Structures are given as C-alpha cells and as structure tokens.
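Keep in mind it's a predicted model, so treat the numbers as computed, not measured. So you know, we letter chains A, B, ... as the sequences are listed, proteins then strands, and number each from 1.
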Protein chains: 2
Amino acid sequence: MEFDDKVPIYYQIKQYIYKEIIVNRLKPGAKLPAVRQLAVKLTVNVNTVQRALSELVNEGILKPQRGKGNFVTTDISVLVDLRRRVVEGQLAMVYDRLAELQITPDEMIQYLTNYIDQRKEQSHD
Amino acid sequence: MEFDDKVPIYYQIKQYIYKEIIVNRLKPGAKLPAVRQLAVKLTVNVNTVQRALSELVNEGILKPQRGKGNFVTTDISVLVDLRRRVVEGQLAMVYDRLAELQITPDEMIQYLTNYIDQRKEQSHD
DNA sequence: ACTAGTGTATTAGCTTACTGTTACACTATA
DNA sequence: TATAGTGTAACAGTAAGCTAATACACTAGT
C-alpha cells in the first residue's frame, strides 16, 4: 500500500479500513487480520496500526477482544451511518473547494460529467 | 486563516495562493504582500510562508524580485494551466475515492446533484 | 501446564514541520 | 549616504508522527 506523505499514515489506514467495511470486504462481525499481520501487510509499525485501530474502536466501528482479535461491529446502524458520513464527506469536500474557485453548482455537475466522459474514452484504449 | 492539522501548513498556504490566483484576486503581474506581512496575516512563521512561496517560484507561478517583492507571473498559459490542473485534480480525487467505494459514475452525478439540492434548501433558512 | 496467537502499553530514538531569531543582500527613496 | 522595505538564508529549539524493541495480559489449543 502506498501512502501520501502529506497526511499521517495512521489516518490513511483508518480511511482504508473505512473503505474495506463500506464495500463489504470486511463484513459486520468479521475478524480483522492481527495487528502484527496488518503491520507487515501495510509495511508500517505495529504502533501505527494500533493508533488507527484505537480510533476506530473509539468510534464504535471495531470491537476488540483481548487475546482474540479485532472485530467489525455488528451494529448495522453504525455501519450505515459510516457510509453516509464518508460519502457525504467527499461530496462536501469537492463542493467546498470548487465553490472557493467560484465555480457554480451547475458548473460542478457539468465539469464532473465531462470528466467522467473523458475517463470513459481513456478506458476505451 | 484556519489550517487542517492533518496536512502541512506550507502546503495549505500553497493551495491558498493557487486559489487567490485562480479567482483573479491576484492578477497576472500583481505584487504579493510582503512575506512578513503574509506571515502575520496567516499567523505563521516567515519561514513557513517562504517555503510555500519557493515552491510556487519553482513552478513558475511566482516571479520573485530581490528587494522588491514576489509577483504573479505574466505568462498567461501558466495560469490557465494552473486552473485546469487544480480543478481536474479535485474532480479526479472525488472520482477515485467514490469509485473505491464501488460507486458508479452515474451514481456520482446523482449523489452530487442531490447534495447540491440539500445545500440549496439549507441556504433557504 | 505449556505454547502460540492475540491485543495493549511503554520506552527510546529518529525525522519532519514549524517556530523564533538573527543576519545578509538588494531596491527605492529621502 | 542613510534608512526603510523587501527577499533569502541559517541556526537552535519544540512538537508530532513513525519506528524499533520489549514487556504484559488474555485466549485457545495441545
């Protein structure tokens, strides 16, 4: 996994796990890989993984069991809320940044549509 | 100005100046505030401002003149390119992140449209 | 009981970003 | 020539993130 050195690794790991849960590769109640395994897989230190996980625990997304492992919560409402939170966060970010550039909502839709068309053409190679 | 502590301040200052140029509050050939003034205005150290500016100089966006000040380039093509680069960067970011969440291009447009409608309603208070 | 696998905590570096300070180089103006 | 305003550079100190290593606590299987 590649990290952006402009933002803390533990934070990017957090986002990564968000993603794995949202796309259901980590299902409710599922056991995460051991922290030491994760550290190897992500080529970071155990403490860095631990920091990310502890924040996820505080958010109620992970339920750790001493001696057993970390498990995704089975509280569906928490997970549904997570998805909404993350998606809306992304939308808010573009909206705000493009608005700062004095781009109107209508133009945003237009730009995104065009951009998607470009990507479609590029993938037709 | 408020900074996000997840990303370096000098980097955010860079983005800020990008924005000021793109929305034409800093016009081609215009003189920037003195580094010491900027430092006060942004409540950061002179060196931090300097680091941001030096990168902008390397990108050909600013033209410093010793003893006089920093000036926005008059090379319009550089500025046009800057705008394209920044806008497309934002579009690429949302696209990629939403795609990672297995959201289709059509859904992206739909979501963004809905989000914009929400914002309109909220501003009608 | 023992052992292996797990989460958790602590400590000691290292590096980078930021601050604070001082100094130097150049320009314009009085 | 003196002074104020500018960019630029260098230094020391602080804080945060990351690494490395060790130790402890708990669980499950042998």
J.: It should be established whether B:Q37 places a side-chain nitrogen or oxygen under 4.0 Å from OP1 or OP2 of nucleotide D:dT6.
T.: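 Looking at the OP1 and OP2 atoms of D:dT6, one of them is under 4.0 Å from a side-chain N or O of B:Q37.
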
J.: Roughly how far, to the nearest 0.5 Å, is the CD atom of B:E2 from the CG atom of B:L42?
T.: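 Answer for the CG-CD pair, B:L42 versus B:E2, is 12.0 Å.
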
J.: Between the main-chain N or O of A:V44 and the side-chain N or O of A:T48, is there a donor-acceptor pair closer than 3.5 Å?
T.: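 No.
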
J.: Does B:N47 make a side-chain donor-acceptor contact with the base of D:dA10, cut-off 3.5 Å?
T.: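 Answer yes: a donor N or O sits under 3.5 Å from an acceptor.
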
J.: Between C:dT8 atom C1' and A:L62 atom CG, what is the distance in whole Å?
T.: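 In whole Å, C:dT8 C1' lies 15 Å from A:L62 CG.
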
J.: Under 4.0 Å between a side-chain N or O of B:T48 and OP1 or OP2 of C:dA17?
T.: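 The answer is no; no side-chain N or O of B:T48 sits under 4.0 Å from OP1 or OP2.
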
J.: Can you check the A:Q65 CD to C:dG7 P distance for me, whole Å?
T.: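 Between P of C:dG7 and CD of A:Q65: 11 Å.
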
J.: Would you kindly give the CD1-to-C1' distance between B:I13 and C:dC18, to the nearest whole Å?
T.: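 Between C1' of C:dC18 and CD1 of B:I13: 10 Å.
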
J.: From the set D:dT8, D:dT6, C:dC18, return the single nucleotide nearest to any side-chain atom of B:Q50.
T.: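 For B:Q50, the side-chain atoms sit closest to D:dT8.
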
J.: B:F3 has an atom CZ; how far is it from atom P of D:dA16, in whole Å?
T.: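 For the pair B:F3 CZ and D:dA16 P, the rounded distance is 17 Å.
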
J.: Give a yes or no answer on whether the side chain of B:K68 reaches the backbone of B:Q65 with a donor-acceptor pair at less than 3.5 Å.
T.: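 Between the backbone of B:Q65 and the side chain of B:K68 there is no qualifying donor-acceptor contact (under 3.5 Å).
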
J.: Where the side chain of A:K31 is defined as all heavy atoms beyond and including C-beta, which of D:dT8, C:dT6, C:dT19 is the nearest nucleotide?
T.: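 Shortest atom-to-atom distance from the side chain points to C:dT6.
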
J.: Between C1' on D:dG5 and CZ on B:F71, what's the gap in Å once rounded to a whole number?
T.: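 It is 12 Å, rounded to the nearest whole Å.
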
J.: Establish, with yes or no, whether the OP1 or OP2 oxygen of D:dC26 is under 4.0 angstrom from a side-chain nitrogen or oxygen of A:K68.
T.: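 A:K68 to D:dC26 OP1/OP2: no side-chain N or O under 4.0 Å.
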
J.: Would you tell me if any nitrogen or oxygen in the side chain of B:R36 comes within less than 4.0 Å of OP1 or OP2 on D:dT6?
T.: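 It does not, given that no N or O in the side chain of B:R36 lies less than 4.0 Å from OP1 or OP2 of D:dT6.
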
J.: Could you state the CG-P distance from A:L32 to C:dT8, rounded to the nearest angstrom?
T.: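 Distance check: A:L32 CG to C:dT8 P gives 12 Å.
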
J.: For A:R83 and A:Y18, which I'm curious about, is there any donor-acceptor pair between the side chains at under 3.5 Å?
T.: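 No, no side-chain donor-acceptor contact under 3.5 Å.
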
J.: B:V35 side chain: which of D:dT8, D:dG17, D:dA9 is closest?
T.: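 Of the options given, the side chain of B:V35 lies nearest D:dT8.
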
J.: Is there a side-chain contact between B:N70 and the phosphate of D:dG7, meaning an N or O under 4.0 Å from OP1 or OP2?
T.: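 For D:dG7, OP1 or OP2 has a side-chain N or O of B:N70 closer than 4.0 Å.
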
J.: Just the rounded figure in Å: distance from C1' of C:dG7 to CG of A:L38.
T.: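 The answer, rounded to whole Å, is 12 Å.
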
J.: Under a 3.5 Å distance rule, please check whether A:S123 uses its side chain to pair with a backbone N or O of A:K120 as donor and acceptor.
T.: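 Yes, the answer is positive, given that a donor and an acceptor are paired below the 3.5 Å cut-off.
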
J.: With a cut-off of less than 4.0 Å, is there a side-chain N or O of B:R66 near OP1 or OP2 of D:dT8?
T.: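 Negative; the distance criterion is not met.
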
J.: Rounded to whole angstroms, how far apart are OH on B:Y11 and P on C:dT16?
T.: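 Answer to the nearest Å: 18 Å.
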
